[in-house]
Amino acid sequence: MPHLRLHALIAASLLAAVLAACGSSTSAPAAGAGGATTGGDTPASDIPLDAAAYVDPFVSTADDYGQDLPGAYVPNGLAKVNPMSWPYRAHSGYNYPIPEIAGFTHTNLDGVGSSGGGGDLLVAPMKGAYLGSKRPLLLGDPAGDLGSLPYAAYAKFFSHRAETARPGYYQVKLLDANPDLSSLSGLLPGAIDAEMTADTRSGWDRYRFPDTATTASLIVDLSSNFHRRLHATVDVSTLPDGRIGLQGRLDGNFYTSDYTLYYYAETTAPAASVRTWGPDGALSGAGSQSGTDVGVILQFDTRADKVVGLKITLSPISAEQARIDQAKELGSRTFDEVRASAYQQWNDLLARVRVTASSRADPDGTLQKLFYTHLYKMFGTPVNATSTTGLYRGVDGQIREASAYVHYDGFTTWDDYRKYAVIALVAPQRYADMTRSMVDLFADLAPTGQTDPAALVQAVPTVRFERSAVVIADAVAKGVELPRLAEAYPALKAFSNGLWDEDNTRLGYFPGQVSDLLGTAYDDWAMSRIARALGKTSEADALAQRATRYRNIFNRDGWTSPRGTRIGLLWPRAADGSWNEIDPEAFGPDGLYQGTLWQYNWYDTADLGGLMQLMGGQAPFAEAVSFFFGEQAPEDCSRMLHSNANEVDLIGAYLFDYAGKPSRTQYWVRQIFGGSSCNRYIASGDAFPYALTRNGEYLTPRKMEVYRLQPAGFLPTMDNDAGTMSSMFVAAALGLFPASPGFDTYAIGSPFFDRVTLPTADGGSFTIAAKDVSPDAYYIQSAQLGPCPLQRSWIRYADIVSGASLDFAMGSAASDWAEDGALPPSLSDSLPVEGWAPRSEAASPACPQLRSARATLLAVAGAGMPLLR
């Protein structure tokens with residue numbers, strides 16, 4: 001979710017000019033050459049898959065077109081080594097159009113809003129010795145004490161022609177002067193060749209200085225932080241071989257939470273001198289410094305060896321633990337060995353999802369490159385916060401052991417709560433560990449007396465925690481082993497209570513609020529599922545009933561369709577019971593956080609059946625969804641009410657499945673994720689200088705590609721938000737979308753590829769096949785789940801773990817497939833809701849041959865017993 005934008009915005013003309021010249025510095029393998037594409041219509045079968053070669057880390061790294069980072073990290077790695085652009089960085093630190101780099105940071109949250117999170121441990125290489133008596137100035141203030149240097153010590157120029165990135169590795173040549181772009185040779189003389197790689201907890205910077213450099217320096221700036229540096233310390237030691245060790249603590253802040261991290265760093269070569277600075281900025285030989293502005297300048301003799309490296313390991317536990325972790329994680333390995341291992345870690349993960357596509361399905365290979373690039377970007381957050389000795393620090397500050405699982409931390413669930421259900425499809429064991437770690441978070445919170453995890457000091461940079469209950473309920477539905485669920489329950493229930501104080505409970509709604517009430521209703525439903533799994537039947541019943549209180553803000557007179565049908569919308573309501581005056585198409589009024597009333601109308605996906613009943617049934621519901629997409633109007637985009645750029649209504653295209661119009665879901669999925677679609681809204685109410693926008697809307701709505709293989713990879717203001725938007729592309733391409741996380745169901749969209757094989761937790765696989773699929777033949781004609789015809793537009797997770805296959809026949813014309821099929825489950829199905837009689841699943845029963853696996857999963861989930869281990 002794009003939050004308040006604090007970074008300096010570059011002028012529109014500069015961005016447009018630079019983006020016009022943007023290109024990728026990575027390339028995917030040629031068709032049929034070790035990849036998963038074949039030149040004809042017959043998919044490849046047993047070709048070893050180099051999935052990581054399809055990834056372009058530069059996608060969505062241009063300013064506010066994604067806020068992603070191109071730097072070096074491994075899947076869900078704590079250490080992320082990323083270039084920091086200067087003077088206009090984006091939220092990740094890097095901003096593709098900007099021609100200078102100020103150094104390399106080692107903690108970064110990928111794709112988030114606000115000011116960007118992390119940005120700790122900035123390292124800047126410099127030719128020669130720094131001769132000033134005070135710390136170098138990042139801005140290069142002419143009045144500052146820069147010694148004999150004619151340029152700012154930090155900032156260096158570069159060209160994308162001498163920059164590369166691939167999973168686990170980043171490289172760039174840094175120059176003192178603006179480069180001559182007329183030939184590559186103009187980039188090389190005098191350049192510092194900077195390379196970065198990483199492992200889970202460690203980043204490794206390697207700098208090769210030019211032949212003319214007899215002396216080189218590294219500036220380690222511990223004051224650097226993308227939001228606010230609260231405190232930092234450094235202790236310097238000299239190792240027996242003359243190399244330098246640095247260790248200390250970093251206290252920072254991002255969004256609503258403080259965090260504390262520890263670090264240990266070692267140089268790869270002996271240092272000629274070491275100077276440090278503290279709060280007064282004066283350089284000295286002091287071995288320890290403490291304050292908000294702390295740093296070190298390391299000087300090296302490079303007459304014999306031009307290569308200088310710095311290994312930096314992070315730990316949530318202690319500096320000593322960071323030293324232990326560095327020894328275990330990097331050991332005696334070389335930079336190139338760590339780099340190769342990082343790439344292999346990515347390939348091992350990405351290649352577990354095997355895509356095969358004919359030239360008919362993916363004519364130029366773009367869809368496969370987008371798929372693996374976004375699959376890659378899904379696995380930046382949360383981060384592995386477990387030490388090499390199996391320890392983690394809880395939100396209560398206590399050190400605990402993560403026994404037989406990996407503990408993750410650094411959540412951003414308001415934004416990415418849907419992402420976890422996608423991870424369950426492609427990496428079920430990682431999903432199990434992540435959701436178990438979220439339970440740990442609340443179990444550790446419970447004894448503190450706090451009701452909000454954000455009130456405590458985090459172990460790693462963190463964004464926010466809303467919809468945590470939904471993620472945990474989703475894990476319960478999928479049978480994940482959650483040993484501390486009962487411990488976590490009280491804290492999770494208190495956190496998920498929303499604005500239900502005594503006054504609001506008496507009213508039955510939150511005055512003037514729609515978004516908070518809908519979010520809390522979703523959480524209430526999720527908590528009811530968790531309570532039931534714990535055997536708390538009466539609490540489960542009460543929470544389920546409270547989850548229906550969103551019905552108290554349904555305004556039947558809120559909207560009348562163009563055909564004259566009075567259908568209504570969810571609407572803000574005053575404490576006296578009157579309806580607020582509001583334009584339902586306006587962006588952000590009446591507490592509608594970065595959205596409109598139309599967009600929030602569908603937010604509580606746990607009870608779309610109940611909403612359908614309020615709106616008068618399936619036909620009026622379908623009419624409203626069609627209006628939402630502007631289908632009643634000319635194709636000038638002026639009536640599009642759905643927003644692709646924000647999380648609020650990501651379910652949009654899949655609402656047609658509920659409306660009994662699955663062919664419209666198939667149409668819109670292809671337009672949004674594989675083509676061009678109308679866009680009227682941006683993701684923030686802020687004025688945005690690159691495009692003609694105001695108050696969260698384009699002055700002139702237009703058709704645009706939402707997903708592109710470019711640094712401007714998303715729509716303007718469309719932050720990737722910890723891989724949220726990437727996970728939506730992955731789900732769309734698979735043809736399975738988590739419409740209602742917390743249920744074990746996936747809505748069926750329109751699969752992109754001939755065949756995709758997904759891993760299951762037991763080591764087996766689930767296959768999705770789409771016969772005759774192409775960019776023009778995206779309509780489902782028929783479907784088969786295992787040996788049985790499928791006549792509904794959704795499947796259960798249990799169908800997937802059964803190891804069966806889902807086979808589609810595709811065509812270029814819309815069909816009536818699944819129009820009369822059973823509807824996905826909703827909260828109102830299990831409550832006595834007057835006037836609601838959903839089509840029973842008996843109308844399109846599950847495949848008998850798969851019933852055993854499905855029944856087992858449902859029984860396991862209901863009993864709170866382990867399935868995924």
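Model, not experiment: these values are computed from the prediction. When reading the values below, keep in mind they use all heavy atoms of this one structure, side chains included, and skip hydrogens, waters and symmetry mates.
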What is the minimum heavy-atom distance between Ala342 and Ala198, and which atoms define it?
CB-O, 3.5 Å
More than 12 heavy atoms of other groups within 6.0 Å of Arg208 CZ:
no
Between Asp120 and Thr107, is a side chain to side chain donor-acceptor pair (under 3.5 Å) present by the stated rule, with each step listed?
CA-CA 5 Å; Asp120 300 295; Thr107 65; 2.6 Å; yes
Please name all residues satisfying side chain to side chain donor-acceptor pair (under 3.5 Å) with Ser284, sequence neighbours left out, ordered by chain then number.
none
Roughly how far apart are Ile101 CD1 and Asn82 CG, rounded to 0.5 Å?
9.0 Å
Between the side chain of His106 and the main-chain N/O of Val123, is any donor-acceptor distance below 3.5 Å?
no
Do Thr462 and Phe254 have side chains that approach each other closer than 4.5 Å (heavy atoms only, starting at C-beta)?
no
Test item: Thr302 side-chain N/O and Ala213 main-chain N/O as donor-acceptor pair under 3.5 Å:
yes
Would you say the side-chain atoms of Asp199 pair up with the backbone N or O of Arg201, donor to acceptor, closer than 3.5 Å?
no
I would like to know whether Ser224 and Asp221 meet side chain to side chain donor-acceptor pair (under 3.5 Å); could you show each step before the answer?
CA-CA 6 Å; Ser224 174; Asp221 189 338; 6.0 Å; no
Any side-chain heavy-atom pair of Thr373 and Phe58 under 4.5 Å:
no
Parallel, tilted or perpendicular: ring planes of Phe714 versus Tyr707, cut at 30 and 60 degrees
perpendicular
Quick one: does Ile219's side chain get under 4.5 Å of Trp277's, heavy atoms only?
yes
Do Ser115 side-chain atoms and Phe226 backbone N/O form a donor-acceptor pair below 3.5 Å?
yes
When you compare the side chains of Gln321 and Thr389, does any donor N or O come within less than 3.5 Å of an acceptor on the partner?
yes
Test ring-ring contact (aromatic ring centres under 6.0 Å, His included) applied to Trp346 and Tyr54, Tyr73, Phe379, the passing residue
Tyr73
Looking only at side chains, do Tyr170 and Glu163 share a donor and an acceptor under 3.5 Å apart?
yes
When you compare the side chains of Ser726 and Asn720, does any donor N or O come within less than 3.5 Å of an acceptor on the partner?
yes
Calculate, to the nearest 0.5 Å, the distance between atoms CG and CD belonging to Asp719 and Gln67 respectively.
5.0 Å
Tyr264 vs Asp325 side-chain heavy atoms within contact, under 4.5 Å:
no
Would you say Asn108 and Ser92 are linked by a side-chain donor-acceptor pair, where the criterion is simply a distance under 3.5 Å?
no
Hey, does Val59 have a side-chain heavy atom less than 4.5 Å from the side chain of Lys377?
yes
Minimal non-hydrogen separation, Val460 against Pro316, with atom names:
CG1-CG, 4.3 Å
Check the pair Leu310 / Val220 against side chain to side chain contact (heavy atoms under 4.5 Å, CB included), numbers first and verdict last.
CA-CA 10 Å; Leu310 187 66; Val220 182; 4.1 Å; yes
Tyr169 and Glu195: side-chain donor and acceptor closer than 3.5 Å?
yes
Ring-plane angle category for Phe729 and His374, please: parallel below 30°, perpendicular beyond 60°, tilted otherwise.
tilted
Do the side chains of Arg166 and Arg339 get nearer than 4.5 Å, heavy atoms only?
yes
Drop me the distance from Ser237's OG to Ile244's CD1, to the nearest 0.5 angstrom.
7.0 Å
Take Gln326 and Thr313 through the test side chain to side chain donor-acceptor pair (under 3.5 Å) and record every step on the way to the result.
CA-CA 6 Å; Gln326 184 172 113; Thr313 301; 2.9 Å; yes
Indicate the atoms forming the closest heavy-atom contact of Leu250 with Arg229, along with that distance.
CD2-NH2, 3.9 Å
Classify the ring geometry of Tyr207 against Phe209: parallel below 30°, tilted from 30° to 60°, perpendicular beyond 60°.
tilted
Could you tell me whether the side chain of Ser60 and the main chain of Gly66 form a donor-acceptor pair under 3.5 Å?
no
Under 3.5 Å donor-acceptor, Tyr376 side chain and Gly380 backbone
no
Distance-minimising heavy-atom pair for Pro210 and Ala191:
CD-O, 3.4 Å
Tell me if a side-chain donor or acceptor on Arg243 pairs with a main-chain N or O of Thr267 at a distance below 3.5 Å.
yes
Over all heavy atoms of both residues, which pair between Ala129 and Gln299 is shortest? Give the atoms and the distance, please.
CB-OE1, 3.4 Å
Verdict with supporting geometry, Asp50 and Tyr343, side chain to side chain donor-acceptor pair (under 3.5 Å):
CA-CA 10 Å; Asp50 186 5; Tyr343 186 87; 2.7 Å; yes
In short, Pro57 meets Pro167 closest at the heavy-atom pair CG-N, 4.3 Å
When rounded to the nearest 0.5 angstrom, what is the spacing between OG1 in Thr197 and CG in Asp205?
10.5 Å
Measuring only between side-chain heavy atoms, which start at C-beta, is Tyr263 closer than 4.5 Å to Leu222?
yes
Side chain to side chain donor-acceptor pair (under 3.5 Å) partners of Asp251, counting only residues at least two apart
Arg249, Thr260
Is there a side chain to side chain contact (heavy atoms under 4.5 Å, CB included) between Leu314 and Leu121? Walk through the geometry before answering.
CA-CA 10 Å; Leu314 303 165; Leu121 281 160; 3.6 Å; yes
For Asn347 and Ala51, indicate whether the former's side chain and the latter's backbone hold a donor-acceptor pair under 3.5 Å.
yes
Start with the C-alpha distance between Tyr88 and Asp63, add both sets of side-chain angles, then the distance that settles side chain to side chain contact (heavy atoms under 4.5 Å, CB included), and finish with yes or no.
CA-CA 9 Å; Tyr88 301 112; Asp63 201 86; 5.6 Å; no
Ignoring hydrogens and geometry, is there a side-chain-to-backbone donor-acceptor pair from Glu337 to Thr334 under 3.5 Å?
yes
Could you point out which residue of Lys306, Lys173, Lys127 forms a salt bridge (charged side-chain N to carboxylate O under 4.0 Å, His left out) with Asp193?
Lys173
Given side chains that start at C-beta, do those of Ser288 and Asp235 come closer than 4.5 Å, heavy atoms only?
yes
From Glu266 atom CD to Ile312 atom CD1, the distance as rounded to the nearest 0.5 Å
11.5 Å
Nearest-0.5 Å distance that lies between atom CD1 in Ile98 and atom CH2 in Trp86
11.5 Å
Treating Asn384 as the side-chain partner and Gly77 as the backbone partner, does any N or O pair qualify as donor plus acceptor under 3.5 Å?
no
Side chain to side chain contact (heavy atoms under 4.5 Å, CB included) for Met725 and Asp68? Distances and angles first, verdict last.
CA-CA 11 Å; Met725 299 306 184; Asp68 279 334; over 6 Å; no
